[in-house]
Amino acid sequence: MTSEIKHVAVIGGGIMGGGIAALFANQQIGASVFDLDLPLAKKCIALLEDPNAKIPLLYTTKYAKYIKPFAISQYAEELGKADVIIEAVPEVMKIKKQTFQEIDKHRKPGSIVATNTSGLSVSGMVDGCSEDMRKHFLGTHFFNPVRFLPLVELIPGKDTVPGVIETMRDYFVRIGKKPVVGRDTPNFIANRVGIFQIMKVFQLMEKYGLSVDQIDMITGPALGNPRTATFRLADMVGVDTLYHAAMNQYQNCPDDEEREHLKPTALLDRMVSEKKLGEKTKCGFFTKEKDKIKTLDVKSWEYKDKTEPKSDVVRGARGYARAADRIRAMMGSSQWPGGDDVVCRFSREIVLASAAYAMNRIGEVAGDLLTIDNAMKWGFAKEVGPIEILDSIGLEKSAEMMQECSIRVPQALKDAIGSTRTLCKQTPVETLYFDVGSKSMKSVPARADAILLKALKDRNKVVRENLSARIYDLDDGVLLLEIASSILPEMNPIDDYVISMIGQAIREVKKGHRALVIGSQGQNFCAGANIQMMLEMAKARMFTQIEQVSMALQMANMALYHADFPVVTAPHGLTLGGGQEITLAGQVRVAHAELYCGLVEVGVGLVPAGGGCLQLLAQLIETTAKDKPGPMPPAMKALDLIGWGRVSKSAHDAIDQGLLRPTDVIVFDKDLQIRRAKEVAIGRLTGFEPIPQRELTLPGKGGFYVIEDNLKGALKQKKVTEHSLVIALKQARILTGGERASSVNPVDENYILELEREEFVSLCGMPKTQERMAYMLKNGKPLIN
Ligand code: NAD
């Protein structure tokens, strides 16, 4: 059997085939894409290569070079080279069977062959194929978009030999995916439960007379789901895809206790017959008319202006940071005041019906409840699993509420109430779950190869903490500084608490440790500075205080970069503005592959002033010196990155753009990022020398005038606004080295930092910058005024 994956073949270069080919190309593994003819295969690669793709599936478009197009008529010459072959042709059994008959003729013995079917019988597809192929055959069910949804369901066929599942599981874990092993049942795990949930929403919508906009308000983040909620998701996935998946479940699960509820409703029937299929036909539950979003009114069957429904229950629930608290607030209780609100009644029914349905699938679609919950979290981006939520509600209370809602209480829930009284529990060393067979808690040990911050907290490894940051002892002389906002945990903005904790971390290392890592394990590393605070100070004209805040962050970042011990930063997810400035303060960065970083201060009318201009310039001088000598190229490059607020599409892209160094480290498995950062920090200890203060050779006034001319030309051509020009000129002044620099007069670090502060403060005083800040706070996107 294949032991190392060096080359893959993907059959069918559509939505999923393209995503799967990109997944391997991102690992710099060659992928041959086969489609009905060569132009179709080439089209697949062209879409992946598009630098303006709405969802970039490649880490960097240059990785498209690893993907080669072929027609299926070329199987004979090409297929034998592949160690792994993954099929992603249309969801039609006959086409799949024919495809596997062909593959069987040309594959090399021992190669692993997989189907990406969403829910057809895996074993049924290879009936009649050779024994070697059946032995090496499995389902690898990816979720769309392949790069961004971590789940891969691995489905053994009836003849799959041991080792095939393990090989694929280990490989996927290594590249940062989250595989789960399911069973060969219709729609497998996540879609089986997910389809039930969506069909249930359709029924409850009718029962409670709710509109499409109201349903999306209720079933989004307030119930622990992504913002796409129900109907935006349906439009993205395709209403017909949903319909076929539901039909598959209805027709092939004759014993399902909810079978009658799996049948697509009349509404769904009508949408499919009228080709209201969502994004692919440009109309579904939503459509766009003259740039305005319209929602389908399911009563009048007309598209009307999208509404923003209001609900006190939803507003109240959104106030909770933890999803389980939000869900409980949404459910209310029939005995509490307000508990008979339609939102509460709807929420109770959908949460409890989903939990019951998922519990009844234990042993059928997967061996245990943990696998089902994980599949829902990793494939549908749910914050809480449908089963584990019952622990937060209380098991007895859940059973009572189920009865009130006429939902039959699952036997597994009754058993847990009578035995363990818990379904799921996480401790620092293990995850415990209720095993339905033995009616006892079973343990899955925590990954021994990962450092989990939650576990460190429970093991009293927190050295210090405040409202926005925490210091942990990682052992072996290494401390970790975590930016962990208690108010905005998703965004982790930088505030005084974070800056103060950087100073404390430096002092703690000096007291008896050897190195520092800055990282976290939430959704994002840090989405920037606290603009609310900055805007209030700007409006109150507290310019001295503004300068002090800027200087404090500059000093903290410089102290990190020039520290006499190793400092490693570990960015991931959104790493913007001040977050990127802290990243650049690491002497080495260990980045997660999914990194969206950039100095985006221009979006709020500002310039980076926490050392970001200085650090980016110095880094670009270092990295461009060989190919583009002279002081102008790095200054121009920095101006391009800062001026346009460019954000990387991945860690690889960040290196290509110059936002990280080519020598920085990239980690694919996010769970291993902190451990790797710690190893890198320890690796730097031998012979460690602090980085000395730098002198920067910059173009000075001469360079500034060239840029000024260009920018004024852009204004004349109305390519930039007047305020954008003002900001760009201030950026240019800093990046060319102000009044002191010239190609023969290098300037020191402090001078660039002074320029950063001066221009930052002056911009804060400008009404148009304040408008940009206020707009960002209100709308979450930049204003170009
Ligand atoms: P798609 O229609 O986008 O792509 C199918 C591709 O296969 C097309 O490029 C088509 O030209 C090509 N093709 C057709 N017949 C072929 C043949 N005989 N040999 C080679 N190529 C052929 O479909 P998709 O959405 O990528 O779905 C592919 C598979 O993945 C299906 O089984 C689907 O159920 C499954 N899936 C889809 C999603 C999703 O969200 N789209 C998610 C998970 C799984």
Side-chain angles (χ1 to χ4, degrees), residues 151 187-208 210 215-216 218-226 228-231 233-234 242 245-246 249-250 253 256-263 265 317 323-324 326-332 343-366 368-395 397-413 416 423-424 433-434:
L151 181 66
N187 291 354
F188 311 130
I189 309 171
N191 281 351
R192 177 77 178 271
V193 178
I195 287 291
F196 167 76
Q197 276 186 345
I198 296 173
M199 294 303 124
K200 188 78 192 169
V201 168
F202 276 97
Q203 288 142 25
L204 294 176
M205 174 180 178
E206 240 173 86
K207 174 173 169 181
Y208 291 108
L210 294 165
I215 292 287
D216 270 11
I218 299 170
T219 59
L223 281 180
N225 296 319
T228 43
T230 301
F231 292 118
L233 177 70
L242 211 61
Q249 207 154 310
Y250 173 70
C253 299
D256 191 308
E257 76 282 1
E258 293 284 354
R259 183 160 186 259
E260 280 317 304
H261 292 142
L262 296 173
K263 203 170 171 185
T265 59
R326 259 179 272 141
I327 296 171
R328 272 189 312 170
M330 286 289 282
M331 292 170 74
V343 170
C344 293
R345 284 191 284 150
F346 177 98
S347 303
R348 281 203 290 273
E349 281 204 50
I350 190 66
V351 171
L352 297 169
S354 305
Y357 189 77
M359 286 197 93
N360 287 331
R361 305 279 78 72
I362 305 169
E364 181 189 353
V365 300
D368 57 79
L369 68 82
L370 212 52
T371 303
I372 298 179
D373 268 0
N374 282 339
M376 295 308 288
K377 288 194 266 189
W378 298 334
F380 280 85
K382 287 180 181 292
E383 290 175 76
V384 185
I387 302 176
E388 68 184 345
I389 185 64
L390 300 187
D391 280 323
S392 302
I393 300 167
L395 300 194
K397 176 92 192 148
S398 300
E400 260 170 48
M401 285 167 115
M402 281 182 187
Q403 279 162 340
E404 279 170 23
C405 297
S406 308
I407 296 166
R408 194 183 308 162
V409 180
Q411 188 57 44
L413 178 56
L423 293 170
C424 222
Y433 68 89
F434 175 68

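For the residue pair Phe346 and Leu204, the shortest heavy atom distance occurs at CE1-CB, 3.4 Å. For the residue pair Leu352 and Met402, the shortest heavy atom distance occurs at O-CE, 3.8 Å. Of all heavy-atom pairs spanning Ala245 and Asn187, the tightest one is O-ND2, 2.9 Å. Considering all non-hydrogen atoms of both residues, Leu395 and Ala416 come closest at CD1-CB, 4.0 Å. Scanning all heavy atoms of the two residues, the minimum distance from Val343 to Ser347 falls at O-OG, 2.7 Å.
Counting only N and O atoms by type, the side chains of Glu349 and Tyr208 include a donor and acceptor under 3.5 Å apart. Between the side chains of Asp368 and Thr371, at least one donor N or O lies within less than 3.5 Å of an accepting N or O. Checked by atom type, the side-chain pair Glu257/Asn360 shows a donor-acceptor distance below 3.5 Å. Side-chain contact of Asp256 with Tyr357: a donor-acceptor pair under 3.5 Å is present, judged by distance alone. For the residue pair Gln197 / Lys382, a side-chain donor-acceptor distance below 3.5 Å is found, with atom types taken as modelled.
Applying the side chain to side chain donor-acceptor pair (under 3.5 Å) rule to pairs touching residues 385-395 yields Lys377-Glu388, sequence neighbours excluded.
Within 6.0 Å of the NZ atom in Lys200, the count of heavy atoms belonging to other residues, nucleotides or ligands exceeds 12. Counting heavy-atom neighbours within 6.0 Å of Arg408 CZ, excluding the residue itself, gives a total of 12 or less.
Legend: residues meeting ring-ring contact (aromatic ring centres under 6.0 Å, His included) with Phe188, ordered by chain and number and at least two apart, are His141. Looking at residues two or more places apart in sequence or on another chain, you find no ring-ring contact (aromatic ring centres under 6.0 Å, His included) involving Phe434.
Not a single donor-acceptor pair under 3.5 Å links the side chain of Arg326 to the backbone N or O of Ala317.
For Glu364 and Arg192, the salt-bridge test passes: some basic side-chain N is under 4.0 Å from an acidic carboxylate O.
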